[in-house]
Amino acid sequence: MKDQLKEIQERFLKDVQSVKDLKDLDTIRVQFLGKKGELTAALKGMGKLTAEERPKIGKIANDVRESIESNLTAQKEKFERIKIEAQLSMETLDVSLPGSKKDLGKLHPLTKTINELEDIFLGMGFSIAEGPDIEWAKYNFDFLNVPKEHSARDLQDTFYVADEIVLRTQTSPVQVRVMEQKKPPLRIISPGRVYRCDEIDATHSPVFHQMEGLVIDKGITMSDLKGTLDLFAKKLFGEQTKTKFRPHQFYFTEPSAEMDVTCFKCGGEGCRVCSNTGWIEILGCGMVHPNVLRDCGIDPEVYSGFAFGMGLDRIALTKYGINDLRLLFENDLRFLGQF
Ligand code: DAH
């Protein structure tokens with residue numbers, strides 16, 4: 001029996017050499033130490049031994065079991081280490097490799113301009129109003145005091161969706177909508193798209209953007225208009241900016257004016273940005289016409305107000321030194337990536 005035990009031990013030592021992984025190792029463990037394993041089977045013969053032999057063989061059997069067990073444990077640790085090392089080497093991270101660059105989106109120069117203007121006016125206590133791009137002709141023209149025979153109404157100038165429905169040619173109809181819906185005091189701006197039958201070129205597009213402004217309250221005068229718009233110009237183009245108001249004519253304001261600002265590039269000396277005039281025309285404005293107030297249900301004897309409207313595309317082009325309006329609409333990433 002002693003020989004049998006020794007033989008088992010030697011065979012184990014030989015077999016264990018061909019083990020390649022944890023799975024093989026478990027198979028060999030079951031084969032030698034399992035309930036139906038070789039060592040267990042051999043020990044069944046113990047009953048036949050004499051009382052004298054039994055403790056000796058018992059000890060040998062224990063030694064064999066312990067040596068097999070400790071061998072198995074050592075092998076198990078070895079294979080586990082190999083497995084972890086293999087995994088680690090597969091998952092190595094080379095921190096010196098260049099990172100994969102994620103292209104971040106950018107805001108369109110026009111969006112930036114709109115955001116900036118909104119911030120300035122919100123800071124002065126204005127709120128933002130919206131109106132539809134597809135508008136009643138009477139909101140776009142009649143309520144704004146535009147005469148029935150005015151050429152702006154012509155099919156050549158205005159996109160008609162139906163007889164009485166147009167693509168708005170200006171953001172001014174939002175004034176009407178606001179005055180109809182809310183009671184004064186009013187202080188709103190309204191940026192948005194407007195449409196005119198224009199051929200596309202470096203300075204024209206059938207779709208462009210405007211921002212309207214409207215202030216109505218008791219006792220509003222031309223000084224409020226000038227003070228507000230002068231402050232706006234300084235915030236947009238810098239503290240040193242000066243403004244001038246030239247008389248103009250709009251149907252919905254009386255008196256009306258156009259506001260110019262000193263060129264932010266040359267400071268008024270004359271340069272390419274301002275076509276050597278030193279001034280840049282920025283917006284139209286005026287005191288809201290009593291007819292407009294009355295038609296919108298506001299008593300012109302009690303309230304007065306001013307309004308203004310500006311072309312946002314032109315402001316964006318001027319501010320960012322872009323020389324062609326079409327660039328704003330072509331969506332060329334090489335252009336848009338520069339802002
Ligand atoms: N709607 C005018 C335009 O498209 C701009 C404008 C001028 C708006 C004077 C106003 C204003 O509110 O008071 O040319």
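The first residue of the sequence shown is numbered 1, and numbering continues consecutively from there. First listed ligand is number 1; within each ligand, the first listed atom is number 1.
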Got the residues with a heavy atom under 4.0 Å of ligand 1, by chain and number?
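Residues within 4.0 Å of ligand 1: Q170, S172, Q175, R196, Q210, E212, F250, F252, T253, G284, C285, G286, A307, F308, G309.
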Kindly indicate whether a cation-pi arrangement holds for R168 with Y195, taking the cut-offs as under 6.0 Å to the six-membered ring centre and within 45° of the axis.
no
Which atoms form the tightest heavy-atom contact between H108 and L328, and what is the distance?
NE2-O, 2.8 Å
Determine the minimum heavy-atom distance between A233 and T243, stating which atoms define it.
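Looking at all heavy atoms of both residues, the shortest contact is CB-CG2, 3.6 Å.
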Side chains of residues 182-194: which donor-acceptor partners sit under 3.5 Å, not counting sequence neighbours?
| unit_1 | atom_1 | unit_2 | atom_2 | d |
| --- | --- | --- | --- | --- |
| R187 | NH1 | M124 | O | 3.2 |
| S190 | OG | A129 | O | 2.7 |

Are any of the side-chain nitrogens in R11 or E38 under 4.0 Å away from the carboxylate oxygens of its partner?
yes
V215 side chain reached by T228 side chain, heavy atoms, under 4.5 Å:
no
